[in-house]
Enquirer: 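Let me give you the structure first, and then I'll get to my questions.
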Amino acid sequence: MPMLSTVIASRIRDLLPELERVYTDIHAHPELGYQEVQACGWLSDFLARQGFKVEKGVGGVDTAFRGTIETGDGPTVAILCEYDALPGIGHACGHNIIATSGAGAGAALAAVRAQLPKGRIQVIGTPAEEGGGGKIKLIKAGVFQDVDCAMMIHGFDRTILHQDLLGIVRGTFEFSGKASHASADPWEGVNALDAVIQTYNAVSMMRQQVRPDCRIHGIITNGGAAANIIPESASAIFYTRAPRIDTMWDLFKRVTAAAEGAAKATGCTLKVTQHESVYEPMKSSRVMLDLFAANMRGAGLTEGAPIPDRLGSSDIGNVSQVIPAIQPMVAIAPTGMAIHTREFADAAVKPLARAGMVAAAKTMALTTFDLLAEPARVKAAKDEFARSR
Ligand SMILES: [Zn+2]
Ligand SMILES: [Zn+2]
């Protein structure tokens with residue numbers, strides 16, 4: 001009997017024209033978060049053709065899906081897909097490749113169904129990563145309740161086994177003052193723009209006293225109506241990011257305190273609205289990462305130079321806080337190319353992206369197989385997760 005890795009590799013090779021069509025179609029029809037109707041449809045249809053039982057709209061989210069293959073009592077391993085695009089610049093985060101590598105891994109496992117150890121493989125489609133927090137909704141709806149561990153990959157300019165993700169809290173700060181003629185009766189006014197500027201400056205000063213792995217960034221969304229009116233309302237949005245959940249909330253509290261101080265100083269009232277989707281930092285799973293690393297070499301993926309200061313956020317962080325989860329970065333674009341750029345969007349359908357997709361699909365298929373074959377590894381991953389709480 002041929003080696004499992006050989007069978008998986010040849011199945012992915014056979015399916016390549018179909019997989020290519022899926023990622024090219026998703027790329028050519030970029031859909032924003034929670035509107036990924038076509039992508040969800042193409043991926044679900046593909047998985048159903050491979051023998052998965054597919055449910056659409058899981059967790060009460062229309063464009064989410066779950067494909068399942070069950071071979072008996074055993075662990076449940078999930079492979080996650082993202083497929084939302086960015087406004088204006090399409091698939092500049094390469095989610096078309098994330099989706100297709102996840103579906104490809106599932107298809108390869110379906111092809112070795114007879115050899116699969118007992119358990120469950122789920123390919124879960126998770127919408128709206130770019131700000132909408134689709135995975136948070138799925139967690140709340142219980143979609144991950146019976147999942148033992150989860151994995152996905154993200155396209156990047158190099159391959160990196162584990163990249164830290166910062167937790168992020170977003171908030172809108174609205175100040176209300178009193179309008180008045182800015183020249184004839186300025187003393188009658190209460191200046192809401194002053195409160196926004198005061199907040200912005202206080203946050204800028206605060207940055208010297210925050211750790212280098214934290215981030216605070218914001219914009220002014222309303223600065224008044226006309227220069228001859230003392231602005232009666234003004235507002236700003238700030239994002240605060242930190243590598244730990246407690247420091248993330250601490251930082252958000254400090255920004256809020258700065259805004260409260262500005263309100264007091266200017267005589268304005270303040271309304272703070274914390275945005276619903278809070279992305280949590282990424283926990284790492286050494287057990288799963290070691291398995292992925294061992295399989296990745298055979299699939300032709302080599303780790304690139306670490307880049308510890310290029311820090312983003314994602315709702316896979318929230319998943320990693322409830323079950324062991326990993327998100328290795330896989331090279332799909334030339335080294336040095338930034339993500340969320342038009343160049344990266346162009347790269348996401350080029351040969352380098354195809355090669356990354358194929359290697360990622362193989363690696364995830366083998367890693368999933370290994371976890372099912374050795375439930376002790378799943379237990380080790382869960383023990384490690386419990387210890388790191
Ligand atoms: Zn992105
Ligand atoms: Zn992304």
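Whatever order the structure lists them in is the order used to number ligands and atoms, beginning at 1. FYI, side chains are in, hydrogens and waters are out, and symmetry mates aren't considered; it's all heavy atoms of this structure. In this chain, residues are counted from 1 in sequence order.
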Enquirer: State plainly whether the residues R170 and E276 are in salt-bridge range, i.e. N to O under 4.0 Å.
Expert: no
Enquirer: Of all N, O or S atoms in H154, which has the smallest distance to the Zn ion (ligand 2)?
Expert: NE2
Enquirer: Are L366 and L16 connected into the same hydrophobic cluster when the rule is that any two of I, L, V, M, F, W, Y join if their side-chain heavy atoms are below 4.5 Å apart?
Expert: yes
Enquirer: Could you tell me whether R286 and E384 make a salt bridge, using a distance below 4.0 angstrom between a side-chain N and a carboxylate O?
Expert: no
Enquirer: Are any of the side-chain nitrogens in D157 or R310 under 4.0 Å away from the carboxylate oxygens of its partner?
Expert: yes
Enquirer: Once rounded to 10°, what is the value of the angle centred on the Zn ion (ligand 1) between H340 NE2 and C93 SG?
Expert: 100°
Enquirer: Give a yes or no on whether E130 keeps an N, O or S atom under 2.8 Å from the Zn ion (ligand 1).
Expert: yes
